[in-house]
Amino acid sequence: MARARDPIADLRRIAFLLERANEATYRVRAFRSAAKALAGMSAAELTERAGNGTLTELAGVGDVTARCVAESLAGEEPVYLRRLVATEGSDLDAEATALRAALRGDCHTHSDWSDGGSPIEEMALAAVELGHEYLVLTDHSPRLTVARGLTAERLRRQLDHVAQVNAALPEGFRILTGIEVDILADGSLDQDDDLLARLDVVVGSVHSGLKDERSKMTRRMLKAVANPHLDILGHVTGRMVSSRPAGVTGPGDRGHRARTRAESDFDADAVFAACAEHDTAVEINSRPERQDPPKRLIRRALEAGCRFAINTDAHAPGQLDWQRFGCERAALCGVPADRVINTWSAEQLVAWTHDRPPRR
Ligand SMILES: [Zn+2]
Ligand SMILES: [Zn+2]
């Protein structure tokens, strides 16, 4: 007799794969409920009920889930699970790969001018090797002192420096100027307006007061999103799902290491509606410890009609290759390439940031 598998584990695995594939909630729930209904049952009773066909008499167990259980108990991988493993993964991989291939640049990166670990030149060369056509340099703004945020004076010097570096880089590639500007407590942006207007791309993020109450945080974000200088709303919820990966060091990392952080509380539908109205892109931050926004919010931003930017928020050259993580999550949520601003050429991107037409 074949050795029995764990039918509860198989049901949970199926639910997991359905969730990962962004399948309808009711389909997932069928497997989760069945797993829950059977979890406390002894192996003997489970086998007896599977044998005499009375599993479906239990609340939460249907024909499909009962069949899976019977197959598991017989030592076979349930047919449902086998099909899911054989089909879902490959389709999804193909979609994520296609999305990654469509990306022509990265709109959120840091150098050693703020809390990154490497000079601008090295970040640029790594981007060239990855096949990018452009890299937007977005070092921090003055208020983020722990990350050595750039004063107006230092940012002006950086702009001159970038112009020099660009002149020496291979043709067909360029560094675009930018900033990751702090969204201050009142929703204003932490840099001079004339400088923000000069930059190619402005990413704005909340880095302080992340536990502010819902209405306050919502007001703050709405005001920032409505600011015509803001092109991309960075790591929207501020969450940290795991400790920082090894090798990420710098003054800005102090206090963040080995710690998770809950999402900020704000009215996501209001913020995404404003992003759609003002044509401000929502960032899909690829950092493994951020994975921000969570998938349920990516789906809501998609429904709201928002554009996206799939960014690495790289603080080191190797991290520029993290875009695939963001692509995977975007693909899971059904984000099409034509909604992603970094599938555009540098010219298209800059034309958009400098002259974003309000979409009514
Ligand atoms: Zn940030
Ligand atoms: Zn950043």
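Both ligands and their constituent atoms are indexed starting at 1 by order of listing. Quick note: residue numbers are just sequence positions, from 1.
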D182 bridged to R143 by N-O distance under 4.0 Å: no
Atom name in E180, limited to N/O/S, at shortest distance from the Zn ion (ligand 1): OE2
Identity of the N, O or S atom of H110 lying closest to the Zn ion (ligand 2): NE2
N/O/S from H140 sitting under 2.8 Å away from the Zn ion (ligand 1): no
Distance-only donor-acceptor check, side chains Q319 and H110, under 3.5 Å: no
Presence of salt bridge, K295 and E328, under 4.0 angstrom: no
Test item: side-chain donor near acceptor, D106 and H132, under 3.5 Å: no
H108 near the Zn ion (ligand 2) via N/O/S, less than 2.8 Å: yes
Atom of D313 closest to the Zn ion (ligand 2), considering N, O or S atoms: OD1
H235 N/O/S atom closer than 2.8 Å to the Zn ion (ligand 2): no
Electrostatic pair R296-E263, nearest N-O below 4.0 angstrom: yes
